[in-house]
Trainee: 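Structure provided below as structure tokens; questions to follow.
Below, read A as the first sequence line, B as the second, and so on, with proteins coming before strands; counting in each chain starts at 1. Owing to the predicted nature of the structure, the values given are computational and were not obtained by experimental measurement.
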There are 2 protein chains.
Amino acid sequence: MSTRILDHPSVGEIRLEAVLHALAEPVRLEIVRFLADSGRGVPCSEIELAVSKSTGTHHYRVLREAGVIRQVYHGTAKLNSLRRDDLDALFPGLLDSVIAATRRRPASEAPS
Amino acid sequence: MSTRILDHPSVGEIRLEAVLHALAEPVRLEIVRFLADSGRGVPCSEIELAVSKSTGTHHYRVLREAGVIRQVYHGTAKLNSLRRDDLDALFPGLLDSVIAATRRRPASEAPS
DNA sequence: ATCGTAGTTTGACATTCGTCGTAGTACGAC
DNA sequence: GTCGTACTACGACGAATGTCAAACTACGAT
């Protein structure tokens, strides 16, 4: 059998450092931006990343273990969504400001 | 002679990932919290950190190179201050939410 | 039962990171 | 000048991180 249920940190277990660390990476920031835009559970396969599949899996896990996203299985797909409510309650304004900044500067960009 | 003038990124050079990475570390977060509380140029020696002096220097540099703090020499002391204005302009709400969260959970803490 | 799709796990690797001690530089005071 | 204070620079070290390919598991459909 499988561990089809994924471990998520409870709200009380979410640490600021872990969240910031999770967000401080271009690939993961791209995932967060995408999830913020599409609002609902998105399968990993729908988000095109510039890295291999296993690296993608790794980044999703970092985000989940930091408490940034929620992942639930739905058949063979794994639906990802932002934990907006929890993060907003813990760190009001944090996610909003990061997402807003990410939208202004599309992904990763070179300074002028 | 000396390089008594320190390089700071211009506002346009500040990258979100670098700022988040700089903030995603307990010692650096402690420095930021301290600077936010005391408002003005604070010498490194005034902030007691749980690491050696050379490690402290390293963390100050990471913060400066990410654009989070400004450092200016004043005699032999190096005065540190938050780049609140620049960060607020670039990422409105980000610094505020991080500082607020840091104040709620003193430094680094274990989940319940 | 077979196949394909979706995602994971396991090693491996190079890079970055946080840490330290030691030696060094810059400046003010004496 | 000499001394002390404040901070830096240089290795060095182990730990963590991002990356990949290859082999694997889980599920749905045929």
Trainee: Answer with yes or no whether the hydrophobic clustering places Leu79(B) together with Ile69(B); edges join I, L, V, M, F, W, Y residues whose side-chain heavy atoms lie under 4.5 Å apart.
Mentor: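 Leu79(B) and Ile69(B): separate clusters.
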Trainee: By nearest atom, which of the nucleotides dA26(C), dA6(C), dG18(D) is closest to the Arg28(A) side chain?
Mentor: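 In terms of side-chain proximity for Arg28(A), the closest of dA26(C), dA6(C), dG18(D) is dG18(D).
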Trainee: In whole angstrom, give the distance that lies between atom CD of Gln71(A) and atom P of dA6(C).
Mentor: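 Atom-to-atom, Gln71(A) to dA6(C), this comes out as 16 Å.
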Trainee: Nearest-nucleotide wise, let me know which of Ala50(A) and Gly75(A) is further upstream toward the 5' end of DNA chain D.
Mentor: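 So the residue in question is Ala50(A).
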Trainee: Has the side chain of Ser54(A) got a donor or acceptor atom sitting under 3.5 Å from an opposite partner on the base of dA21(D)?
Mentor: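 Between dA21(D) and Ser54(A), which were checked side chain against base, a qualifying N/O pair under 3.5 Å is present.
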Trainee: Counting side-chain heavy atoms from CB outward, which of dA6(D), dA6(C), dT19(D) is closest to Thr55(A)?
Mentor: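 Selected nucleotide (nearest to the side chain): dT19(D).
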Trainee: Linking I/L/V/M/F/W/Y whenever their side-chain heavy atoms sit closer than 4.5 Å, directly or via other members, would Val62(A) and Phe91(A) fall into one cluster?
Mentor: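 No: no chain of side-chain contacts under 4.5 Å links Val62(A) to Phe91(A).
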Trainee: Under 4.0 Å between any heavy atoms, over every strand shown, what does His74(A) touch: base, sugar-phosphate, or nothing? Just pick one.
Mentor: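 Nothing: the residue His74(A), judged by heavy atoms under 4.0 Å, touches no strand.
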Trainee: Please state how far atom CZ in Arg64(B) lies from atom C1' in dA9(D), giving the value in whole angstrom units.
Mentor: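 Roughly 13 Å, once rounded to whole Å.
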Trainee: Which part of the nucleic acid does Ser45(A) contact within heavy-atom distance under 4.0 Å: base, sugar-phosphate only, or nothing?
Mentor: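 Sugar-phosphate, no base atom in range.
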Trainee: Rounded to whole Å, please give me the gap between CD in Glu17(B) and C1' in dT16(C).
Mentor: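 Nearest whole value for this atom pair: 16 Å.
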Trainee: Give the C-alpha distance, both sets of side-chain angles, the deciding distance and a yes or no for salt bridge (charged side-chain N to carboxylate O under 4.0 Å, His left out) between Arg84(A) and Asp96(A).
Mentor: CA-CA 9 Å; Arg84(A) 282 206 87 110; Asp96(A) 284 339; 2.4 Å; yes
Trainee: Just so I know, are the side chains of Thr55(A) and Leu49(A) near enough to count as touching, which here means a heavy-atom distance under 4.5 Å?
Mentor: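 Heavy-atom side-chain distance check fails, nothing below 4.5 Å.
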Trainee: Under 4.0 Å from OP1 or OP2 of dT19(C): is there any side-chain N or O of His59(B) that close?
Mentor: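 Yes, His59(B) has a side-chain N/O under 4.0 Å of OP1/OP2 on dT19(C).
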Trainee: Give the nucleotide from the list dT19(C), dG28(C), dC27(D) with an atom nearest to the side chain of Thr76(A).
Mentor: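 Minimum distance to the Thr76(A) side chain belongs to dC27(D).
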Trainee: Heavy atoms from C-beta onward define the side chain here; which of dG7(C), dT19(C), dG18(D) lies closest to that of Ala77(A)?
Mentor: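 Closest nucleotide among those given: dG7(C).
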Trainee: From the list dC20(D), dG18(C), dG7(C), which nucleotide is the closest neighbour of the side chain of Glu25(B)?
Mentor: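 Between dC20(D), dG18(C), dG7(C), the one nearest the side chain of Glu25(B) would be dG18(C).
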Trainee: Taking atom P of dA6(D) as reference, at what distance in whole Å does atom CD of Glu48(B) sit?
Mentor: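 Answer to the nearest Å: 13 Å.
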Trainee: I need the CG-P distance between Leu63(A) and dT17(D), as an integer number of Å.
Mentor: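 Value for this atom pair: 13 Å.
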Trainee: From CG of Leu29(A) over to P of dG18(D), roughly how many Å is that when rounded to an integer?
Mentor: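 Whole-Å distance recorded here is 13 Å.
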Trainee: Return the value, rounded to whole Å, for the distance between atom NZ of Lys53(B) and atom P of dG21(C).
Mentor: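 Nearest whole value for this atom pair: 13 Å.
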Trainee: I want to verify a distance call: between dC17(C), dC27(D), dG18(D), whose nearest atom is closest to the Arg4(A) side chain?
Mentor: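 Closest nucleotide to the Arg4(A) side chain: dC27(D).
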Trainee: Are Val11(A) and Val19(A) grouped together when hydrophobic residues (ILVMFWY) are joined by side-chain heavy atoms under 4.5 angstrom apart?
Mentor: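 Cluster IDs for Val11(A) and Val19(A) match.
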Trainee: Distance check needed: dC7(D) C1' versus Tyr60(B) OH, whole Å only.
Mentor: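 Tyr60(B) atom OH is separated from dC7(D) atom C1' by 11 Å.
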Trainee: Just N and O in the side chain of His58(B): are any of them under 4.0 Å from OP1 or OP2 of dC7(D)?
Mentor: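 His58(B) to dC7(D) OP1/OP2: no side-chain N or O under 4.0 Å.
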